[in-house]
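Heavy atoms only: backbone and side chains are in, while hydrogens, waters and symmetry mates are out. In what follows, chains are A, B, ... by sequence order, proteins preceding strands, each numbered from 1.
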Amino acid sequence: MSNEELKAKLSELIPTATFEEGGEWTTLLIEPKALMEVMPLMRNDVAFNMDYLFCLTAVDWKTHITMVYHLTSTTYRHNLVIKSKLDKSKPEIETVCLIWRSAEFLEREVYELFGVNFINHPDLRLLILPDGWEGKNPLLKDFDDPINMIKL
Amino acid sequence: MVEEIGTTQDGDLIINVGPQHPATHGVLHLVITLHGETIKKVEPHLGYIHRSIEKMCESLTYRQFIYVTSRMDYLSSHINNHGCALLVERAMQIEVPARAQVIRVLMDELTRIASHELWWGAMAMDLGAFTPFFHAFREREMINEIMEDTCGARLTMNYMVPGGVQEDIHPDFVRKVKEFIALFKRKVDEYDEMVTDNIIFRKRMENVGVISAADAISYGLSGPSLRGSGVSCDVRKYYPYDVYNQVQFEEIIETGGDSLARYMVRIREMKQSISIIEQLLDGIPDGDFCAKTKAVIKLPKGEFYQRVETARGELGIYVVSEGATTPYRIKFRSPGFSNLSALDHMARGSKIGDLVAMMGTLDLVIPDIDR
């Protein structure tokens, strides 16, 4: 499906859907609460068949954290970006790793680097950072490390 | 953090492989739960070479951040640089001269051959065959010399820049590449005879580390590892960049899903790379090697995503720009990270001796995983 077709189909299936303009691909904005309605639909609906989660990350916007999911379909080759805004004071969202297994590691990475709590994640632990690092999330904008060089 | 060697209540043995183990080729640390010789669980512990490249890039300009990406997947440094250059060019709508486009694809394919050669030698060595390593490195050295002539570096090239390449190719480039190709064509067949048809090698590869197409997609595998499971995914075919849409090459797909299939994909891919280089080498267009670009690059406000096919798979570069000289947020979707996440699934139920073959055919490069 082209970007326009994707958008039309999405608006039809999810009446509350809002879109972000200007990107290369259709970008769908959803509430964190709606994640578990939208994601299984994207994966299982034959028209979408978004079976490949190729990128999962977060962006710290100081006032909130935005989760970004990049999906594609290995049958139709269409791409879709799904974004969800999380509360900065208590960032949490359902895990998608039961839908796409690749999310298990990617979410662990976001958990340690951004402090996002993934509800129902089977194994939410530090992956890259050493033990005892909990609470300090390096990719947040207010993180500063006096010892190690992270800025050039 | 690190479980000591010990036994669990069920009598299972917990052992550590790495972070310093010859078969992990870098600082990968696996905590393995064994029942007898059978693997029950493989748990990777990462971060021994984590440099926080994504955070670093937030304070680097769009000309500077390319240099850091050479240090991610150091065996594909040209291709990493290429991805960054493409991202900036697309966002800034910079027209790249034809000469630069051809040079960049030539460099990419030479890099792919060099990377696959190192993988081939190192993997055979992991399985106990020492000779292939020397054969592979002998030919790889020729590529390194070609690179050194033009880029001045042998590993972290930093040759591709937004708009084209940094310097024109060395006067000897075409001659040396031709010499290399003439030799390497014979050598690939020799590799096949030496290793691929070896009965011991086949026994250690066939039906080892099998992953189905559906699982491979779900785990986000990419590159030769995904194509070994019969899924077509070549970025060069689906999202062609530079002159990839002007050359003829076959996307290599094997359907076995086992270690041998992944191995065969890479061997056959080297032959395709030779073909791409041959098609381009005689017709390198004249002209500029770099477009005129502004000294200070400011990406327009918005989001950009660029993918390239590295030797290991799909590298994605996701940039969020606020219109400044530095990116607001940058994310590298590295192929090795997702490939590694499937290791546990592949290894469960196999014998510990087969783990090396699985790690070998996933072609893990640790700095690429840790970033």
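Only the side chain of A:W25 comes within less than 4.5 Å of a heavy atom of chain B; its backbone N, CA, C and O stay farther away. In this structure, chain B has a heavy atom under 4.5 Å from the side chain of A:T72, while its backbone stays farther away. Neither the backbone nor the side chain of B:I53 has a heavy atom closer than 4.5 Å to any heavy atom of chain A. For B:I330, no part lies under 4.5 angstrom from a heavy atom of chain A. Using a 4.5 Å cut-off between heavy atoms, B:Y219 contacts chain A through both its backbone and its side chain.
Contact count against chain B (heavy-atom pairs under 4.5 Å) is highest for A:V68 among A:V68, A:L113, A:V81. Note on A:N79, A:L129, A:D123: by heavy-atom pairs under 4.5 Å with chain B, the leading option is A:N79. The candidate with the highest count of non-hydrogen atom pairs below 4.5 Å against chain A, out of B:G316, B:P44, B:S232, B:S338, is B:S232. Your options are B:L340, B:L221, B:V320, B:D215, and the one with the most heavy-atom pairs under 4.5 Å with chain A is B:L221.
Under the 4.5 Å side-chain criterion, counting only non-hydrogen atoms from C-beta, A:K141 is in contact with B:E58. Contact annotation: the side chain of A:L139 approaches that of B:R329 to within less than 4.5 Å [non-hydrogen atoms, C-beta and beyond].
B:V231 and A:T74 make their closest contact through CG1-CG2, 4.4 Å (heavy atoms, listed as atom of the first residue, atom of the second, distance).
Cation-pi contact between A:R77 and B:Y238: present, with separation from the ring centre below 6.0 Å and deviation from the ring axis of at most 45°.
Heavy-atom neighbours of chain A within the stretch residues 299-311 of chain B, taken at a separation under 4.5 angstrom, comprise B:E303, B:Y305, B:R307. Applying a 4.5 Å heavy-atom cutoff, the residues of residues 84-110 of chain A that approach chain B are A:I99, A:W100, A:R101, A:S102, A:F105, A:L106, A:E109.
Distance CD/B:E314 to CZ/A:F54: 6.5 Å, rounded to 0.5 Å.
Using modelled atom types, one side-chain atom of A:Y52 and one backbone atom of B:G220 make a donor-acceptor pair closer than 3.5 Å. Using a distance-only test at 3.5 Å, with no hydrogens or angles considered, no donor-acceptor pair links the side chain of B:K331 to the main chain of A:C55.
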